[in-house]
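Okay, structure first, notes after.
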Amino acid sequence: MKTTFITIVLYFFTLLSFSQTKILSWNLENFGKSKTDSEINFIAATVVDYDIVAIQEVVAGYGGAQAIAKLAAILNEKGTKWDYTISEPTSSSSYKAERYAFIWKTSKAKLKGKPSLEQKFSQEIDREPYYATFEIGKKTITLSNFHAITKNKNPETEIKYFKFLPALYPESNLIFLGDFNCPQSHTVFFPLKKMGYTSILQNQKTTLKKECRNNVCLASEFDNIFYKSNTLNYKKSGVIHFYAKFNSLSEARKISDHLPIWVEFSLN
């Protein structure tokens, strides 16, 4: 009887573990050969407790893919199996081409199909989103990893095309995440919100100033995750103030000028 009870408890916690998923998104600012081993180790220690990690601003040239492989190798040394996928360079001609990456725990998520960059709007969006579909339990989500053009280049001129994506991929449970260089309160997000999408963060700044002033270290509300509320059971979300572990913002900014953002959820 005792053995049966323990088995039931273990089964319950296994189901609970699978039902709860934690996604982290992080713009890692020129993630490539400029990142030292100690910096990549710090990044690994920061993301290790999450299940799927979406990364923006991976260097398109030599060093970007290698840095992602090194990050995955370090994570694999921490007792859990991780896998990863890296996009081709974005098709940007007028701005800086980059890569995207996903890293995930194979015990928590299974990659379905081949990830790909957005094709239809690749001319309208400089760094077109990178899609990857993951099976969690017996349900799937499709993550749209995105890094918009900078604020002074008017990122809303790109984000306005996102309202067409749910209809373009009607079979996909789309989750938009990344660095939008634009606050969620901007009117460009209204069409998505009317479709039932909501952001995990509101009025939360996610970028670092060059130096703290009067204990204010954050600058802009740029990073976010948008999900459709009727397909995802939101648990909690937040940002990681990783810079607090450094003596100065200039040291912290060697890791990134953006905070990691995260959400925990289960699928309906």
Run the ring-centre check on Phe176 versus Tyr197 and record whether the distance is less than 6.0 Å.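 Here the rings of Tyr197 and Phe176 have centres that are less than 6.0 Å from each other.
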Are Trp26 and Phe242 an aromatic pair by the rule of ring centers under 6.0 Å?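 Aromatic pair counts; centres sit under 6.0 Å.
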Answer yes or no: are there more than 12 heavy-atom neighbours, outside [X] itself, under 6.0 Å from its atom [atom1]?
X: Lys33; atom1: NZ; answer: no
X: Asn230; atom1: CG; answer: yes
X: Lys193; atom1: NZ; answer: yes
X: Glu251; atom1: CD; answer: yes
X: Lys254; atom1: NZ; answer: no

Are any non-hydrogen side-chain atoms of [X] and [Y] less than 4.5 angstrom apart?
X: Phe146; Y: Glu158; result: yes
X: Ile23; Y: Ile141; result: yes
X: Asp37; Y: Lys70; result: yes
X: Ile240; Y: Leu259; result: no
X: Met195; Y: Pro166; result: yes
X: Leu208; Y: Leu218; result: yes
X: Leu111; Y: Asp83; result: no
X: Asp257; Y: Thr207; result: no

Would you tell me whether [X] and [Y] have side-chain atoms, one donor and one acceptor, within less than 3.5 Å of each other?
X: Asn181; Y: Thr150; value: no
X: Lys228; Y: Asn268; value: no
X: Glu118; Y: Tyr169; value: yes

Rounded at 0.5 Å granularity, tell me how far [atom1] in [X] sits from [atom2] in [Y].
X: His258; Y: Ser25; atom1: NE2; atom2: OG; value: 10.0 Å
X: Phe121; Y: Leu168; atom1: CZ; atom2: CG; value: 6.0 Å
X: Ile200; Y: Phe265; atom1: CD1; atom2: CZ; value: 10.5 Å
X: Asp179; Y: Ile149; atom1: CG; atom2: CD1; value: 11.5 Å
X: Leu117; Y: Glu128; atom1: CG; atom2: CD; value: 5.0 Å
X: Leu192; Y: Phe164; atom1: CG; atom2: CZ; value: 10.5 Å

Side chain of [X], backbone of [Y]: donor and acceptor closer than 3.5 Å?
X: Lys112; Y: Thr142; answer: no
X: Thr231; Y: Asn173; answer: no
X: Glu264; Y: Lys236; answer: no
X: Glu29; Y: Ser256; answer: no
X: Lys151; Y: Ser220; answer: no
X: Ser87; Y: Tyr100; answer: yes
X: Arg127; Y: His147; answer: yes
X: Lys108; Y: Gln20; answer: yes
X: Thr85; Y: Phe102; answer: no
X: Asn145; Y: Ile55; answer: yes

Listed by chain and number, what are the disulfide (SG to SG under 2.5 Å) partners of Cys217, not counting sequence neighbours?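 So Cys217 forms a disulfide (SG to SG under 2.5 Å) with Cys212.
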How far apart are the C-alpha atoms of Ser107 and Lys81, what are their side-chain angles, what is the distance that settles it, and do they pass the side chain to side chain contact (heavy atoms under 4.5 Å, CB included) test? CA-CA 7 Å; Ser107 61; Lys81 177 71 173 65; over 6 Å; no
Determine the interplanar angle of the Phe134 and Trp104 rings, folded into 0 to 90°, and report it as parallel if under 30°, tilted if 30 to 60°, perpendicular if over 60°.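 Perpendicular: the ring planes of Phe134 and Trp104 meet at over 60°.
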Once ring-ring contact (aromatic ring centres under 6.0 Å, His included) is applied, do any residues pair with Phe222, and if so which ones, sequence neighbours excluded?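 So Phe222 forms no ring-ring contact (aromatic ring centres under 6.0 Å, His included) with any residue.
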Who pairs with Glu211 by salt bridge (charged side-chain N to carboxylate O under 4.0 Å, His left out), at least two apart in sequence or on another chain?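 Glu211 satisfies salt bridge (charged side-chain N to carboxylate O under 4.0 Å, His left out) with Arg213 only.
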Where do Phe162 and Phe226 land on the ring pair (Phe, Tyr, Trp, His ring centres under 6.0 Å) test, with the steps shown first? CA-CA 11 Å; Phe162 278 52; Phe226 293 84; 8.7 Å; no
Please determine whether residues Leu174 and Phe189 belong to a single hydrophobic cluster, defined as Ile, Leu, Val, Met, Phe, Trp and Tyr linked transitively by side-chain heavy-atom distances below 4.5 Å.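 Looking at the clustering, Phe189 is in the same group as Leu174.
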Should Ile255 and Val59 be counted in the same cluster of Ile, Leu, Val, Met, Phe, Trp and Tyr side chains packed under 4.5 Å apart?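 Ile255 does not cluster with Val59.
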